Every structure is written in C-alpha cells, then in structure tokens.
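The next block holds one structure in the form of structure tokens; read it before the comments.
Fair warning: this is a prediction, and the values are worked out from it, not measured in the lab. In what follows, chains are A, B, ... by sequence order, proteins preceding strands, each numbered from 1. In what follows, every heavy atom counts, from backbone to side chain, and hydrogens, waters and symmetry copies are set aside.
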Amino acid sequence: MKGPEASEYRIARLRDRLADEEISELGVRIDMRGGYVHLWGTVSTAACRTEILRIAETELGGLPVRADLTVACATVPERPEELE
Amino acid sequence: MIRVAAVGDIHLSPDSRGLLRPAWETLGDCADMLLLAGDLTRHGTLEEAEVVAAEIKGLPVPVVAVLGNHDYHSDLQDDVTSVLERAGATVLEGGGTVLDVDGTRVGIAGTKGFGGGFAGRSAGEFGEPEMKAFVRYSRRCAADLARSLLELRDRRCEVRIALTHFSPVPDTLAGEPPEIYPFLGSYLLAEAIDESEADLAVHGHAHLGTEHGMTAGGVKVRNVAQPVIGHAFAVYHLPVDLRIDVPAVG
Ligand SMILES: [Fe+2]
Ligand SMILES: [Fe+2]
C-alpha cells in the first residue's frame, strides 16, 4: 500500500513504538509536513536521541525525515522564580 | 520565604547514571527541599529505581516524591517506592508530609493523579466498566489530595504544596497535541487544590507543555517536567503567609 494513508499508519506505529517499551519517550512530536516526517522535542540523553532516530528509520521505511531533537539539560537553573 | 526545588520526568535508566547528581548536590545552597513530580524511571524497573536512589541518596535537602505512570509500567510501584524510601525520599500517594524549614511548617500533599480531562470536556463515570474504573480512579486520587491538603492545614502548616504527576490544569499543557489533553490531567485535581486552598501546585507528565499555569481559584501551577524547565530542577521562592488560619467549625 502506498500514498498518504500508508504513511499515516507508519507514523502512528512509530508513535506507539516510541511510547512503548523501548524508549518511552513521550516528549517527541511526530508530524507530516510537506512530504517530510518531522520529529521534534526534548529527550533525556544523547543515546536516547540516537535510538529514536534509528527506530524512526526502521518504522518509516524510507519516508524522508527531518529531526530537531534536543537533549534535556541537567544544569543548575540561573535564578529562582519569586512567587507572590 | 520557602525555597522549593522541583523537577519531574527525569526518566532515569542505567545509561543516565550520575546525570543529575552534580547539579542536585548544589541544592543545599539554593533550596530547602527537592520535590520529584513522578516519571523518575523509564519503565518502572527496580534497576532503574536503583539509579534514581543513587542520585538522591544523601542529598543536602529533604526529598519528597510522587511516582508517575512510567514508574507503574512494570507493576512494581510498591517496590520502586521502597527503593526510593530506602534512599531517604518520602514517597507520597494520597498522603502528606510536614517539613520544618527554619521553624516554618511546610506541608506537601502528593498523588500521582490521573487523566480524565478538563472542565466541560472531561470523561464521565458512565458506560463500560473500564470507563467507570478510569474515572473512579481519577476521582479517588483527587479526593485523597483534597483530604491530605486539609489535614496539613489542621496540622498547622503555614505553607502547603500539592505535588502530582498528572496536571490539574490545561494551561501548562500548551504545546501538547489537544487530542491527548484528557490523558494528561484532570480538572478534579484543580478542584481539590482550590477547595483546600493550597499555596502552590507542582506537576510533571506533559513534556511538551509549558511551565506556568493557574487554577480557577488562583493557585499557581508549575509544570516541572525536565524537558519543560530545561534544567536539573527549577526553584520557586514562596512567601510565608503570616495570617493565622482558624480551621472552620463543622
Ligand atoms: Fe514523563
Ligand atoms: Fe508521565
């Protein structure tokens, strides 16, 4: 099966797989835009990002991917927030 | 003034061992406590829980936590709780705890909470048993939160904080796809927070959401999911209310 429907199901499967056992990374958004599958969001480690991109490649089977995945920062905040 | 450090959704696993420890070791300089808003592990395994335990063990401030849905994934939530408690954390599910911060009594009430959606567009206790069980569970979490916040008031806490994993308000979900809002929180939590007049509500779970929100009753809500705050923790300075609360009779 080809066409937009096929890619929709592939994206849905990728979402399920990322939300599932292997990665549990719900902080990744996946959308179809102008013929590209866009992956964006913040993940916990660089290893995680690599793994997500690998899974995306296998699940999306050749659909072109544009990824913008940031690794979460484990630094001390610059300042507190004053609550009134 | 009370200094509250908080973070959620750290999703630790053996490959992230030691990741947060350097930042957390500085907490003694900038905070009076560390609140963990759930999803501390990836899949709720004991191996992952031990990684979290090693990060929190011996920190210079008290650690109070709730679990998140990921921490329930392996059906080992009770064991995960024990591992964290052995490392010194207080893990709340439907209960509360009191911290003494330089003579000020700070109460923290915690529950994982659950979904169901927000006022006007929420799931009802109707139809299939699965649907009823879903809504009933969400209601129970909210009722426990309200009860423990009120108990903390009776225990003369000057500052009271609601700690949950799921969100009490839709404000802090902005950035998430609207279709999944019902899985991200419940207005029942906000109702509990408003009824019991908490001073601050802290939650996680919505990785793509935003930090700032407020309940209908005007209680400030902060989404401290690590991808949202972009740091190892966020710090909030809460003023101490000097008004003397007389518990209502009846
Ligand atoms: Fe999470
Ligand atoms: Fe979660």
Chain A contacts, top residue of B:G230, B:P177, B:A225 (heavy-atom pairs, under 4.5 Å): B:P177

For the CZ atom on B:F183, are there more than 12 heavy atoms of other groups (residues, nucleotides or ligands in this structure) within a distance under 6.0 Å? no

Between the CG atom in A:L83 and the CG atom in B:L200, the distance rounded to the nearest 0.5 Å is 6.0 Å

Nearest non-hydrogen partners of B:E176 and A:R29, listed with the distance: C-NH1, 4.0 Å

Answer yes or no: does atom CD of A:E57 have more than 12 heavy-atom neighbours from other residues, nucleotides or ligands under 6.0 Å? no

Under a 4.5 Å cutoff for heavy-atom pairs, which residue among B:P239, B:A31, B:P22 has the most contacts with chain A? B:P239

Whatever's closer than 4.5 Å to a heavy atom in chain A on B:E211 counts as side chain

In terms of heavy-atom proximity below 4.5 Å to chain A, should B:R222 be classed as side chain, backbone, both, or neither? side chain

Which residues, numbered in order, of residues 70-80 of chain A come under 4.5 angstrom of chain B by heavy-atom distance? A:A72, A:C73, A:A74, A:T75, A:V76, A:P77, A:E78, A:P80

